[in-house]
Structure formats: structure tokens, C-alpha cells
Amino acid sequence: TGRPDEDLLAGLNAPQREAVTYRGAALLIVAGAGSGKTSVLTRRIASLLRTREAWPSQILAITFTNKAAGEMRERVQQLVGDTAQGMWISTFHSACVRILRREAEQFGFTKSFTIYDSGDSRALIKRLVKEHEADAFGLTPASVQSRISKLKNELADAESYGRSANMSDPAERLFVEIFGDYQRALQKANAFDFDDLIAQTVYLFRAFPHVADVYRRRFRHILVDEYQDTNHAQYALIHELTRPPSGAAADRFESGGMMIFDAPPAASPELSGASLTVVGDSDQSIYAFRGADIRNISEFERDYPGAKVVLLEQNYRSTQTILSAANAVIGNNFDRKDKKLWTDVGAGEKIVGFTGYSQHDEAQFVADEVETLRKAGVDYAGMAVFYRTNSQSRALEEIFIRSAVPYKIMGGTKFYDRAEIKDALAYLVAVANPADELAVRRILNKPRRGIGDVTETAIARFAAEEGISFRDALANASALGVGPKIQKAIAHLDAVLVEATAIMLPASGEVAPPTAVTDGLNVLLGKSGYLDALRISKDPQDEARVENLDELVAVTREFARNNPDGTLLDFLTEVALVSDADDLDDATGSVSLMTLHTAKGLEYDAVFLTGVEEDLLPHRISAGEPGGPQEERRLFYVGITRARKRLHLSLAMTRAQFGEVTVAMPSRFLQEIPHDLIDWRQSPGDVNSRGGMQSRALNARRPGGGFGGSGSGGNRYGDELVPLPQRDRPASDISKFANRIPAKVRDNSDLELAAGDRIRHEDFGEGRVDMVTGEGAKRIAHVRFDSAGPKKLLIKIAPISKL
Ligand code: ATP
Ligand code: MG
């Protein structure tokens with residue numbers, strides 16, 4: 001009865017309904033966290049399909065991560081059934097790859113192009129910086145890479161930037177040269193870096209209107225989630241796609257281009273531009289450092305005249321306490337439209353605050369609370385711990401392991417960043433895209449075949465002289481002027497690549513079997529000797545590497561199962577686009593640990609926001625950036641608003657970071673939360689007055705559980721405080737060390753020292769710490785002894801105690 005999409009509207013509030021049902025050229029949904037923006041977007045897609053206003057193939061929905069895309073697709077499928085096939089629901093990057101694979105030939109690439117992740121592009125830039133001897137001018141690979149990335153996000157290329165740059169400055173001139181060389185090297189390698197995927201698609205659309213028209217006719221409804229974090233290039237892409245088709249020479253193109261339609265395009269010659277729906281929250285814009293531009297939201301009404309604006313104000317995620325804290329914090333940002341979120345679920349629990357003496361103490365609090373909540377019936381999977389920087393996870397992990405709390409790190413060192421995985425992928429790329437010199441060079445001497453720099457240079461020279469690719473030069477081992485052993489090694493590598501190519505890329509007309517990628521990978525890793533080299537190695541790490549490669553082979557099998565027609569290129573594309581937030585899937589049954597940036601868009605019953613300290617949150621790098629502290633406040637706001645029922649805010653008074661122990665100050669953001677919302681289990685004040693701290697530290701200590709090599713269980717810190725709680729530390733760990741440590745030496749791994757501390761050394765007497773450098777086991781204290789003068793001490797083993 002009624003509208004075919006009536007049931008989709010059930011349970012929605014009035015503005016949400018309007019957002020689902022409004023039909024017009026442009027719709028902007030602005031709303032605070034947890035107000036149902038993503039839910040509304042999903043229902044809007046379902047409604048368009050249900051009412052038959054759109055074919056699935058006419059919908060393009062953009063999400064921030066591949067995982068979010070998968071969830072949205074699933075949700076739409078639940079709502080409308082299988083008709084959802086053929087929709088494009090993806091990230092900006094995935095959508096652009098699909099377009100570029102189809103159109104690359106239009107502008108000098110082939111469809112088998114490689115996608116360089118930031119590690120790949122860093123390697124290339126490093127080589128160029130070296131070739132140009134640019135470090136003498138203060139240009140580091142890191143700085144060059146981030147500048148190029150920023151420029152590409154603004155759609156600038158080397159030429160356009162060069163015209164506006166101050167070319168009398170030699171460093172600028174050099175930068176422009178490297179930028180240009182970098183771009184040429186990418187083109188030669190038939191490769192795009194991550195920023196190119198967007199920027200080159202925009203370029204393609206602008207340079208070839210008949211190509212753009214194909215997509216303008218196809219996508220009649222474009223929807224973008226998290227619009228506040230789009231950068232200029234992404235904005236321009238959407239703008240290009242929503243223009244009316246220009247009608248430029250369409251027929252000339254359509255013979256080739258029409259194949260992409262899985263439904264007939266609307267045939268009207270005077271087609272208007274696609275309808276555009278964007279949703280966002282300018283208070284959650286946290287990617288300005290990567291070029292995101294909030295103005296894309298604030299100027300939406302100017303760019304799309306007549307746009308409808310819908311505001312959502314009811315929050316369905318969090319308790320009133322959590323919302324009040326979030327509202328109060330974000331209210332301190334100026335230059336924003338005030339919007340007040342409300343909820344009708346009631347006040348809920350107070351926010352829990354805790355101040356640890358050290359980051360270990362803080363971590364112990366988190367682990368203890370997690371267990372308490374678990375016993376109270378909250379699933380591990382419903383809990384998450386957030387931090388500002390990746391390195392903060394280590395202290396948490398240590399305690400979680402000791403306390404046997406199951407956890408999963410999101411982001412961090414990613415599977416695909418491991419060296420052996422990159423090697424294996426380079427083998428695959430060398431097959432898929434032989435023009436990719438970086439990939440071929442990478443595998444040249446992996447495993448070791450005696451091919452060194454000299455041979456590599458000889459191959460490059462031969463390729464240049466003959467005007468052939470680096471890869472093709474390998475097929476001419478005997479002409480390279482290298483010794484017979486090396487000739488043989490090169491010829492062998494070439495033969496392995498040829499064999500794998502025959503498996504994975506059969507001659508035209510033939511169809512590769514679904515197992516092709518798996519079989520090819522096995523040939524590459526097996527016959528190249530790569531796996532054998534790891535297997536006979538005595539390095540215990542190599543065992544783990546073999547396991548990781550097994551895992552990669554398993555990934556190819558799973559890929560084949562999910563994509564029976566998937567090609568090697570499809571596989572490499574999928575792998576290249578896996579992003580930080582995307583290994584969230586197997587988080588069931590474990591606590592999720594992640595940075596605040598990764599947390600965007602997610603929600604958890606209980607959230608622990610750790611390290612709420614000055615210099616961390618707001619992070620010290622933000623201090624010098626215009627708008628930096630405000631962006632940090634938005635990040636804090638994002639963190640708070642992930643919590644559904646319980647929020648914990650914690651900090652540590654001392655924190656060892658970058659090899660230094662620093663005294664931390666509570667974050668200014670804590671002051672911004674009304675005091676009566678927080679129940680402090682241990683406030684910063686408690687810790688400052690030694691009494692409070694002392695009692696907790698002593699409570700946390702186990703009888704006889706002294707830590708470190710002295711074996712006495714005594715006090716190696718020189719005072720009565722034991723900052724590292726000892727719960728559940730396996731005894732074997734300690735004795736293993738104690739036996740190996742000679743009399744005057746001890747294991748001071750966790751001794752927290754900072755400039756200004758007074759210490760006593762068993763031989764040198766008393767002195768003052770000037771500074772601490774290095775990290776982990778290599779931390780060094782620079783000490784000025786009262787009588788013995790200045791000395792450098794390896795903290796881990798020096799016979800010292802803090803006074
Ligand atoms: P964020 O800004 O964090 O991305 P959001 O605005 O996208 O948040 P959603 O994730 O869509 O918000 O919704 C937050 C929660 O509220 C979800 O659990 C969702 O299912 C629920 N929700 C949204 N609308 C309603 C509603 N009308 N009735 C009940 N629950 C709702
Ligand atoms: Mg959302």
C-alpha cells in the first residue's frame with residue numbers, strides 16, 4: 001500500500017524522511033555525528049531503486065573506506081534484494097581505478113597500469129632526490145613527497161606549479177625538476193600514484209569531453225558520504241561528473257565506450273546533470289592536512305544553486321552525557337555554525353576519567369576496565385581504544401597481552417607493507433606490467449642471485465641504448481657484458497617471469513582459469529628460489545615470512561572464489577586499494593585498537609580515548625599549522641562521538657616517546673568538558689600529590705614480583721614508586737634476563753629518565769641527566785656527574801638508580 005518505498009521510511013524522523021525522498025538536482029545533508037547521515041544515504045539509494053527512478057548502474061555512491069562501501073552495499077541489498085548488483089558503491093580511489101582501467105589508453109597509459117602506494121612512490125622520489133643531489137638544498141624524500149601530494153590534490157602539475165613558483169630560488173627550481181621527472185617516470189612505468197588516481201581522472205574528463213560524457217550519461221545519481229573530507233581534486237571530479245553531457249562527438253566514441261553499460265543510458269539528447277547528494281559534518285573534518293577542504297561543504301549552495309539543505313539534529317548513537325561533552329568541546333571552535341545535537345535515550349553513565357603515572361599505568365587501567373565491562377556483559381567487539389599516534393599502541397598491546405585481553409590493531413604495520421609481501425607483489429607486477437621498472441628492479445636480486453648495482457646499471461644502460469624496457473633487457477643476458485654466472489642468473493629470472501606470464505596472462509582469446517593468479521604466484525615464489533631462500537635461512541623471522549607468503553597465496557585463492565572471472569590486474573587493484581581501515585573485518589570477539597583518524601564513521605558501545613595530553617592531543621605538530629589546534633579539537637570530537645554508552649578519557653603524567661621521557665600535561669580539551677560529566681577515578685591532581693599515586697602503585701605491585709635484574713624484588717628506581725604495574729607478567733620473562741645480566745649491570749628497560757633527573761651510578765656517584773636520546777634498548781642518558789664529569793650511559797644496562 002502507498003509508496004513502494006514506504007517501509008524504507010519507517011522509524012525515520014521528519015528531516016530524515018525528507019532527505020530520503022527529496023528529488024531535485026542537489027541535496028546537502030549537514031548534521032552532527034550519529035544523526036543518521038550514513039543511514040539516510042543508504043535508504044536514499046534503496047528508495048531510488050525501489051521506486052524505479054534509477055537503474056542500479058546509474059548510481060554512484062562514494063564512501064570513505066572500502067569497508068564502509070561493503071557495508072553500504074550489503075545494507076542496500078538487504079533493503080532491495082539482488083537488484084543492487086551493478087551499482088558503483090566505492091571509495092573515490094576505487095571508482096577512479098575502474099574508470100582509468102577502461103580509459104587509460106586514451107592518454108598514453110595501458111589498462112594494466114600499476115598503482116604506486118606511498119612506499120613505492122617514496123622509493124622513486126628517493127632515487128630522484130639522490131640523482132639531483134637535492135638533499136644539499138634541504139629537499140628530503142619525505143618533504144618532496146608530501147609537497148607533490150599536496151599539489152596533486154590541488155590539481156597542480158609540475159608545469160603549472162613551475163609557472164607560479166619562485167624559480168630564482170635554486171631549491172624551488174630543483175623541486176620543480178624532481179616533480180617533473182617523477183611524473184615522467186610514473187608515465188614511463190605505466191603507473192599512477194594514489195593522488196594521480198583522482199587527479200588524472202579529472203584531467204582525463206577535462207581533456208576528453210567525449211569520455212566524460214560516457215560517465216555523465218551513465219551516473220544519474222551521485223551520492224557522497226563524509227563530504228567534509230573531500231579535497232579539491234575530489235571536489236573537481238564530482239563537479240565534472242555532475243555537469244550535463246556536453247554532447248561532444250559522442251557517436252565517434254560510443255562504438256568502443258558503450259560496452260561499459262550494463263543498463264541502457266537515458267537516451268534524451270538534452271540530458272541534465274546528475275543529481276548530487278552529499279552528506280557531511282564540518283565538525284568532523286580531520287583531513288585538512290591531506291588537503292581536505294571544509295569549504296566544499298560551506299560553499300555547496302553557491303556551487304549548486306537551488307540546492308536543498310536538510311539538517312539532522314537528533315542523535316541516535318550516544319547518551320546525553322556523551323553528547324553534552326561533545327557539544328561543549330566542539331563549541332570552542334570558532335568559525336563554525338552552531339548546531340546542537342540532542343538525544344532521547346537519557347543521561348546514561350558518567351564519563352570515566354583516569355590519570356596514570358606512566359603510559360603503562362594508563363594501559364593497565366584500560367585493560368582492567370575492559371575486563372570489568374566484559375564481566376558486565378559488554379562484548380570485546382563492542383569496545384575500542386583510540387589514540388592519536390600509532391606508536392601509542394605499544395604500551396597498550398603489552399598490557400593487553402599480559403592480561404590476555406583479545407585485541408586487534410587497525411592500521412599500523414599492515415600486512416601489505418611487509419617486505420616479503422611487497423617482494424611477492426613486485427613479482428606479480430613485473431608480470432602484469434613489465435613497463436614498471438621499479439617492480440622489476442625490486443626483484444632483480446631477491447632472492448640473492450649475485451646481481452648487484454653494477455649489473456643493475458649495466459642492464460639499465462643496455463635498455464637505454466637499445467631503446468627497450470628494463471624488463472626486456474633481461475631477455476638479453478648474454479649481450480649485457482656481465483660474467484657467465486650472472487648471465488645465467490638473469491636468464492633464469494627471465495625464464496621464471498615468462499613461465500608465470502604464460503599462466504596468468506594467456507594469449508589473446510584464451511581465458512585464464514580462476515586458479516591462474518594462485519598458480520602463477522606459486523611458480524614465481526617457487527621457481528625463483530625466493531621461498532627456498534627463506535626456508536633454509538636460520539633467521540627465525542624468515543619462518544614468519546614464509547607464513548605470510550602462505551597467507552598471500554591464500555588471499556589469491558579467496559580472491560578467485562569471490563571473483564571467478566577476476567584477472568591478475570583485478571587482484572593487484574584490489575590489493576593496492578586496501579586501506580588502513582579495511583582490515584576491520586575479523587575484529588569480532590576482540591577489542592579494536594586504532595588511531596582517531598581510523599575511527600571516523602564507526603561506533604562502539606564503550607570507547608577508551610587515551611593519551612588526552614597536551615602535545616599529543618592536540619598533537620604538537622598541529623601547533624604551527626594554521627587551524628591546527630581546531631582540527632585537533634575536531635579529531636577529539638570524532639573520538640568522543642564514536643561512543644554509544646560509555647566513554648573513558650585517560651592520560652598519563654609521564655610518557656616515554658621518541659626515546660625521551662617527558663612530563664605530560666593534561667590536554668586543554670579536558671577543561672572544556674563540564675566537570676560534573678566526568679567521574680575521575682584518579683585525577684591529574686591525585687597523581688601530582690604523591691600520596692594518591694603511591695597507594696595505587698603499591699596496590700598494583702605483586703608480592704615478591706620485583707621487576708628487573710636485581711633479583712631482590714627491591715627498589716631499583718631509587719624511590720618507592722613502581723610505575724609499571726606487575727600484574728600477570730610471566731615469571732620466565734624475568735628470570736631469563738636475570739641470569740644473563742652480570743653483577744653490576746641490570747635490565748633498566750623501563751627506567752623512565754628525563755632531562756633534569758638526578759641519578760646515582762655505582763661507580764661514578766651522583767649526577768644530573770642532561771638529555772636522553774635513542775629508543776628502546778638503545779636509549780642513552782647523557783649525564784653530567786658531580787665529580788666524574790660528563791658520561792654517556794646505555795640506560796638498559798647501566799648500574800644506575802634514580803634519586
Ligand atoms: P557519523 O557522523 O559518525 O558518520 P552518521 O550521521 O553517519 O554518523 P549513522 O552512522 O548513520 O550516523 O547513524 C548512527 C546510529 O544511529 C546508527 O547506529 C544508526 O543505525 C542509528 N540510527 C540512525 N537513524 C535512526 C533512526 N531514525 N532510528 C533509530 N536509529 C537510527
Ligand atoms: Mg556516517
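What's counted below: heavy atoms across the whole structure, side chains too, no hydrogens, waters or symmetry copies. Start at 1 and go down the list; that is how both ligands and their atoms are numbered. On a predicted model such as this, the values are computed, not experimentally measured, just so you know.
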Under 4.0 Å between a Lys/Arg side-chain N and an Asp/Glu carboxylate O for [X] and [Y]?
{"X": "Glu349", "Y": "Lys645", "result": "no"}
{"X": "Arg302", "Y": "Glu299", "result": "yes"}
{"X": "Glu603", "Y": "Arg642", "result": "no"}
{"X": "Asp229", "Y": "Lys600", "result": "yes"}
{"X": "Lys308", "Y": "Glu18", "result": "yes"}

Please list, in number order, the atoms of ligand 1 under 4.0 Å from a heavy atom of [X].
{"X": "Gly11", "value": "26 (C), 27 (N), 28 (N)"}
{"X": "Ser39", "value": "9 (P), 11 (O), 13 (O), 19 (C), 23 (C)"}
{"X": "Arg642", "value": "3 (O)"}

Any N/O of [X] closer than 3.5 Å to an N/O of ligand 1?
{"X": "Asn13", "result": "no"}
{"X": "Gly36", "result": "yes"}
{"X": "Leu12", "result": "no"}
{"X": "Gly601", "result": "no"}

Please classify the Lys600 to ligand 1 contact at 4.0 Å (heavy-atom distances, strictly less than): side chain, backbone, both or neither.
neither

Pairs involving residues 34-51, ordered by first then second residue, that meet salt bridge (Lys or Arg N to Asp or Glu O under 4.0 Å) (sequence neighbours left out):
Asp7-Arg50

For [atom], which protein heavy atom lies nearest, and how many Å away is it?
{"atom": "atom 8 (O) of ligand 1", "value": "Gly34 N, 2.9 Å"}
{"atom": "atom 22 (N) of ligand 1", "value": "Tyr316 CB, 3.6 Å"}
{"atom": "atom 18 (O) of ligand 1", "value": "Glu603 OE2, 2.6 Å"}
{"atom": "atom 24 (N) of ligand 1", "value": "Gln16 NE2, 3.1 Å"}

Does the separation of the ring centres of His648 and Phe354 fall below 6.0 angstrom?
no

Of the listed options (Gln284, Arg317, Lys37), which comes nearest to atom 10 (O) of ligand 1 when hydrogens are ignored and any heavy atom counts?
Arg317

Step by step, would you call Leu241 with Tyr215 a side chain to side chain contact (heavy atoms under 4.5 Å, CB included)?
CA-CA 7 Å; Leu241 280 172; Tyr215 297 91; 3.7 Å; yes

Within the 2.8 Å cut-off the protein N, O or S neighbours of the Mg ion (ligand 2) are Thr38 OG1

Side chains of Leu616 and Arg655: closer than 4.5 Å at any heavy-atom pair?
yes

For ligand 1, is there an atom lying under 4.0 Å from some heavy atom of Ala31?
no

Show, in sequence, the C-alpha distance, side-chain angles and deciding distance for Tyr287 and Phe64, and conclude whether the ring pair (Phe, Tyr, Trp, His ring centres under 6.0 Å) test is met.
CA-CA 12 Å; Tyr287 280 95; Phe64 208 71; 5.3 Å; yes

Kindly compute the distance separating CD1 (Ile62) from OG1 (Thr230), expressed to the nearest 0.5 Å.
10.5 Å

Can you measure from CZ (Phe192) to CD1 (Ile115) and round to the nearest 0.5 angstrom?
9.0 Å

So which of Glu613, Glu632, Glu614 actually passes salt bridge (Lys or Arg N to Asp or Glu O under 4.0 Å) with Arg668?
Glu614

